[in-house]
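Remember, it's a predicted structure, so these values are computed and weren't measured experimentally. Chain identifiers are assigned alphabetically (A, B, ...) following the order of the sequence lines, protein sequences preceding nucleic acid strands; residue numbering begins at 1 within each chain. Below, each value reflects all heavy atoms present in this structure, side chains not excepted, and no hydrogens, waters or symmetry copies.
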Protein chains: 2
Amino acid sequence: MSNTPPKVIFRNSLTKRHEVLKFNKIILTNISCDIFKGGWEMANINSLGRHVLAELYGCTFEALDDTEKVKSYMIKAAISAGAEVRESVFHKFSPQGVSGVVIISESHLTIHTWPELGYAAVDVFTCGDKINPWDACKHLSEILQAEHVTATEMRRGIMAPCPKTAVSQ
Amino acid sequence: MSNTPPKVIFRNSLTKRHEVLKFNKIILTNISCDIFKGGWEMANINSLGRHVLAELYGCTFEALDDTEKVKSYMIKAAISAGAEVRESVFHKFSPQGVSGVVIISESHLTIHTWPELGYAAVDVFTCGDKINPWDACKHLSEILQAEHVTATEMRRGIMAPCPKTAVSQ
């Protein structure tokens, strides 16, 4: 077991803060709760939604190429985060790969898989303050047994105007 | 008519460049092609996909609250960019608002609308190098008559490893 802390990079933008989180599987097992709850630090930004874009690397081919399993994982991830599932649609590509979306009352989850590369692109977009998109992201990272995850949170629908001094003239 | 150039902010990140584009309706009419084609400048980054996250402000209530219209706009936007539509699903919320997704062979388009705020969150995620996500984004911005748009491009599935020197120790 490694005690090495995760490499966490914080970057500031004009109106929102991005967080890029890098960790390996061992670190994920040890401290995933803290990592994934880090997103709450941005709660004071006046936006309509939170959007986590996650890159899941090192997943197994089998986990990423079974449409029914991927659909099941996505719906469970939504429910695990406390979301209300409204619609879902999944599509299997030939020779491999799955694309799918779960529309929730709070916005959506999407996934696109490249089984041959062990890679999945996951998005979790939530509006309101009742659920945390990082919870669904954490659930998917674990159930897909990703070896390496990079994730970024974006704020969507920022209603407060950007201060003039922060914009190039 | 205003000749004021758009305020364009470029930011660098470790593995990709974000572009935040701000412009009003008049500027959009004049120079939208140049603005939206700006995304091609990132073409040399070794990634599987390109993801444009766009915030459309100042749209009419009617344009954002009609599920069939929104669905039609989204599918047309996908086709206008040269994408191949595979699946779509849309959901109407009460008392207002629409959420929907179009799964394309190249990944997806999503939309969530807040008609009461004149706001829509649009995502266009494309893989491969045959289509440009900014084309679909431009199409939607125009057809929804957005008065103000902020958009950011993210790269998805970056396969080249991040250099050690670029990661905090």
Side-chain angles (χ1 to χ4, degrees), chain A residues 5 7-16 18 20 22 47-49 51 53-57 86-93 97 99-108 110-112 114 117 119-123 125 127 148 150 152 154-159 161-162 164 166-169, chain B residues 5 7-16 18 20 22 47-49 51 53-57 86-93 97 99-108 110-112 114 117 119-123 125 127 148 150 152 154-159 161-162 164 166-169:
Chain A
K7 293 169 179 174
V8 181
I9 304 156
F10 295 103
R11 290 172 294 158
N12 292 317
S13 66
L14 292 177
T15 51
K16 52 192 171 293
H18 302 172
V20 177
K22 289 174 178 286
S47 67
L48 291 173
H51 188 160
L53 300 91
E55 321 299 317
L56 277 54
Y57 301 97
R86 295 287 190 143
E87 313 271 356
S88 68
V89 62
F90 285 76
H91 188 87
K92 179 76 171 69
F93 289 95
S99 284
V101 63
V102 179
I103 293 181
I104 54 179
S105 296
E106 301 81 5
S107 290
H108 75 247
T110 62
I111 190 167
H112 302 282
W114 280 257
L117 299 175
Y119 166 75
V122 168
D123 286 70
F125 181 174
C127 61
H148 180 82
T150 305
T152 305
M154 304 286 284
R155 286 291 174 144
R156 306 300 301 267
I158 295 170
M159 291 294 124
C162 188
K164 285 185 178 179
V167 178
S168 60
Q169 299 298 315
Chain B
K7 293 170 180 174
V8 182
I9 304 156
F10 294 104
R11 289 173 292 158
N12 291 318
S13 67
L14 291 177
T15 51
K16 51 191 172 290
H18 302 169
V20 178
K22 290 173 178 287
S47 67
L48 291 173
H51 188 160
L53 299 91
E55 322 298 317
L56 277 54
Y57 301 97
R86 295 285 189 143
E87 313 271 358
S88 68
V89 61
F90 284 75
H91 188 87
K92 179 77 170 69
F93 290 94
S99 284
V101 62
V102 179
I103 292 181
I104 55 179
S105 296
E106 300 81 5
S107 290
H108 75 246
T110 63
I111 190 168
H112 303 282
W114 280 256
L117 299 175
Y119 166 75
V122 168
D123 286 70
F125 181 174
C127 61
H148 180 82
T150 304
T152 304
M154 304 286 283
R155 285 291 173 144
R156 306 300 301 267
I158 295 171
M159 292 292 124
C162 188
K164 285 184 178 179
V167 179
S168 60
Q169 299 300 316

> Can you tell me which portion of B:Val102 sits under 4.5 Å from chain A's heavy atoms? Options are side chain, backbone, both or neither.
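No part of B:Val102 comes within 4.5 Å of chain A.
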
> Of the non-hydrogen atoms in A:Gly100 and A:Phe90, which two are nearest, and what is the gap between them?
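Closest approach of A:Gly100 to A:Phe90, heavy atoms only: CA-CD2, 3.4 Å.
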
> What part of B:Ile103 lies closer than 4.5 angstrom to a heavy atom of chain A: side chain, backbone, both or neither?
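B:Ile103 touches chain A through side-chain heavy atoms alone.
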
> Check whether B:His108 gets within reach of chain A through its side chain, its backbone, both or neither, counting any heavy atom under 4.5 Å.
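Contact with chain A is through both the backbone and side chain of B:His108.
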
> Side chain, backbone, both or neither: which part of B:Thr110 has a non-hydrogen atom closer than 4.5 Å to chain A?
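When you check distances to chain A, only side chain atoms of B:Thr110 fall under 4.5 Å.
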
> Would you say the side chain of B:Met154 lies within less than 4.5 Å of the side chain of A:Met154, judging by non-hydrogen atoms?
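Contact flag for A:Met154/B:Met154 side chains = yes.
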
> Examine distances only and state if a side-chain atom of B:Arg86 and a backbone atom of B:Glu106 form a donor-acceptor pair shorter than 3.5 Å.
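Checked: no pair found.
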
> Give, as side chain, backbone, both or neither, the part of B:Leu56 having an atom under 4.5 angstrom from any heavy atom of chain A.
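Neither part; nothing is under 4.5 Å.
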
> Give, as side chain, backbone, both or neither, the part of B:Ala54 having an atom under 4.5 angstrom from any heavy atom of chain A.
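Contact with chain A: backbone only.
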
> Could you pull out the closest heavy-atom pair between A:Phe93 and B:Ser105, with the gap in Å?
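Heavy-atom minimum between the residues: CE2-CA, 3.7 Å.
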
> Report yes if some heavy atom in the side chain of A:His51 is under 4.5 Å from a heavy atom in the side chain of B:Asp123; otherwise report no.
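Contact flag for A:His51/B:Asp123 side chains = yes.
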
> Would you call the rings of A:His148 and A:Tyr57 parallel, tilted or perpendicular, where under 30° means parallel and over 60° means perpendicular?
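Plane angle between 30° and 60°, so tilted.
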
> Heavy-atom pairs under 4.5 Å with chain A: which of B:Leu117, B:Leu53, B:Ile104 has the most?
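Heavy-atom pairs under 4.5 Å are most numerous for B:Leu53.
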
> B:Phe125 versus chain A, heavy atoms under 4.5 Å apart: side chain, backbone, both or neither?
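Just the side chain, heavy atoms under 4.5 Å.
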
